[in-house]
Amino acid sequence: MNTDFLEKHQGVVNALKGLAAVVVLIGILSALGIFKRAAVGIHIEEEVFTVSYEEEIVIQFGKEELRSAEIVTSFDMGDAINTVSEDKYIVGTWENDVWGQYTLCVKKSLECYLVVTTETEVFVFNYESKDTTESMCSALLAW
C-alpha cells in the first residue's frame with residue numbers, strides 16, 4: 001500500500017469515511033422508521049375530533065355535532081369523487097346510495113370501519129387495527 005498517497009490525501013479519505021458513516025446512519029434510521037411520518041393521525045380534544053392524512057386534516061367534527069358511531073365490516077364504497085389511493089390508504093370524497101357524499105380515510109388492509117354521522121356529514125375511517133378502531137367507536141359514543 002502506498003502510504004505517501006494516503007498521507008497526501010488524508011483529508012479526502014477522512015471526508016469519504018465521514019460520508020460513508022452518514023449514509024450508514026441514514027440507512028439505519030430509515031429502516032427504524034425515524035424519518036417516516038405517520039400517514040394517518042387521530043387527535044381528540046375536549047370538543048373536537050380530527051383525523052389527518054399526511055398531516056392534512058381530512059375529517060373534523062365537534063362533540064356536539066356527533067349523531068352516531070358504528071362499526072361495519074363491509075360497505076359499498078360507491079363512486080370516487082376526489083380521492084388519493086396509495087399502497088396502504090384510500091382517502092377522499094366518495095358517494096354511494098346509502099350515505100350520499102361522504103369522506104373516507106381507511107387503511108386498505110383493515111376490514112373494520114368506523115362510520116360516524118354528524119349533523120351534516122358522514123365519515124368512514126379506521127385506525128391501526130380492528131381493536132383500536134372498535135375502541136375508538138366506544139370512546140366516541142362515550143364522548
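Values reported hereafter were calculated over all heavy atoms of this structure, with side chains retained and with hydrogens, waters and symmetry mates removed.
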Asker: Kindly indicate, with the supporting measurements, whether the criterion side chain to side chain contact (heavy atoms under 4.5 Å, CB included) is fulfilled by H43 and S52.
Answerer: CA-CA 8 Å; H43 188 70; S52 60; over 6 Å; no
Asker: Give me the atom names and distance for the closest heavy-atom approach of E128 to L110.
Answerer: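 Shortest heavy-atom separation between E128 and L110 comes out as C-CD2, 4.1 Å.
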Asker: Determine yes or no for a side-chain-to-main-chain donor-acceptor pair under 3.5 angstrom, with Y102 supplying the side chain and M77 the backbone.
Answerer: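 A pair under 3.5 Å: yes.
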Asker: Can you measure from CG (L104) to OH (Y53) and round to the nearest 0.5 angstrom?
Answerer: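 Rounded to the nearest 0.5 Å, the CG-OH separation comes to 11.5 Å.
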Asker: Would you name the heavy atoms of S85 and K108 that are closest together and state the gap between them?
Answerer: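 Heavy-atom minimum between the residues: OG-NZ, 3.2 Å.
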Asker: Stepwise, does the side chain to side chain contact (heavy atoms under 4.5 Å, CB included) test hold for S68 with T117?
Answerer: CA-CA 5 Å; S68 68; T117 304; 3.3 Å; yes
Asker: Where do V106 and V124 come nearest, in terms of heavy atoms and distance?
Answerer: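 It is CG1-O, 4.0 Å.
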Asker: Specify the closest pair of heavy atoms between A39 and Y89, including all atoms of both residues, with the distance to one decimal.
Answerer: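 So the minimum-distance heavy-atom pair works out to CB-CE1, 3.3 Å.
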Asker: With rounding to the nearest 0.5 angstrom, report the CG to CG distance, D97 to D79.
Answerer: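 Here the rounded value is 8.5 Å.
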Asker: Should we say atom CD of E64 is surrounded by more than 12 heavy atoms from elsewhere, each under 6.0 Å from it?
Answerer: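 No, the 6.0 Å shell around CD holds no more than 12 heavy atoms from other groups.
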Asker: Would T73 and E111 count as having a side-chain donor-acceptor pair, cut-off 3.5 Å?
Answerer: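 T73 vs E111: no donor-acceptor pair found between side chains.
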Asker: For E119, I'd like to know if atom CD has over 12 heavy atoms of other residues, nucleotides or ligands within 6.0 Å.
Answerer: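 Yes.
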Asker: Do any N or O atoms from the side chain of T83 and from the backbone of T93 form a donor-acceptor pair under 3.5 angstrom?
Answerer: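 The answer is no, because no donor-acceptor pair under 3.5 Å joins these two groups.
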Asker: Parallel, tilted or perpendicular, judged at 30° and 60°: which one describes the rings of F61 and W143?
Answerer: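 Plane angle over 60°, so perpendicular.
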Asker: Look only at the side chain of N126 and the backbone of K107, and say whether a donor-acceptor pair between them is shorter than 3.5 Å.
Answerer: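 Yes: the side chain of N126 pairs with the backbone of K107.
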Asker: Is there a chain of hydrophobic side chains (I, L, V, M, F, W, Y, each step under 4.5 Å between heavy atoms) that links V48 to V51?
Answerer: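 No; tracing contacts between hydrophobic side chains, which count when under 4.5 Å, never links both residues.
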Asker: Where is the tightest heavy-atom contact between E65 and G62, given as atom of each residue plus distance?
Answerer: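 Nearest pair, atom of E65 first, then G62: OE2-N, 2.6 Å.
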Asker: What's the verdict on ring pair (Phe, Tyr, Trp, His ring centres under 6.0 Å) for F123 and F49, showing C-alpha distance, side-chain angles and the deciding distance?
Answerer: CA-CA 12 Å; F123 304 108; F49 180 87; 8.8 Å; no
Asker: Output the distance between atom CD (E45) and atom CD (E47), rounded to the nearest 0.5 Å.
Answerer: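 Output value for this atom pair is 9.5 Å.
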Asker: What distance do E121 atom CD and I59 atom CD1 have between them, rounded to the nearest 0.5 Å?
Answerer: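 If we round to the nearest 0.5 Å, E121:CD and I59:CD1 are 9.5 Å apart.
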Asker: Could you grab the distance from atom CG of L114 to atom OG1 of T132, nearest 0.5 Å is fine?
Answerer: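 Reported value, rounded in 0.5 Å steps: 12.0 Å.
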Asker: Please name all residues satisfying salt bridge (Lys or Arg N to Asp or Glu O under 4.0 Å) with K63, sequence neighbours left out, ordered by chain then number.
Answerer: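 K63 satisfies salt bridge (Lys or Arg N to Asp or Glu O under 4.0 Å) with no other residue.
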Asker: Could you state whether I90 and V72 fall into the same hydrophobic cluster, counting links through intermediate Ile, Leu, Val, Met, Phe, Trp or Tyr residues with side-chain heavy atoms under 4.5 angstrom apart?
Answerer: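 Yes, because I90 and V72 connect within a single hydrophobic cluster, where side-chain heavy atoms sit under 4.5 Å apart.
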Asker: Output the distance between atom OG1 (T120) and atom CZ (R67), rounded to the nearest 0.5 Å.
Answerer: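 One gets 9.5 Å once the value is rounded to the nearest 0.5 Å.
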Asker: Is there a path of hydrophobic side-chain contacts, each under 4.5 Å between heavy atoms, that joins V116 and I71?
Answerer: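 Hydrophobic grouping puts V116 with I71.
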Asker: V40 and C105: which non-hydrogen atoms are nearest, and at how many Å?
Answerer: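 That closest heavy-atom pairing would be CG2-SG, 4.0 Å.
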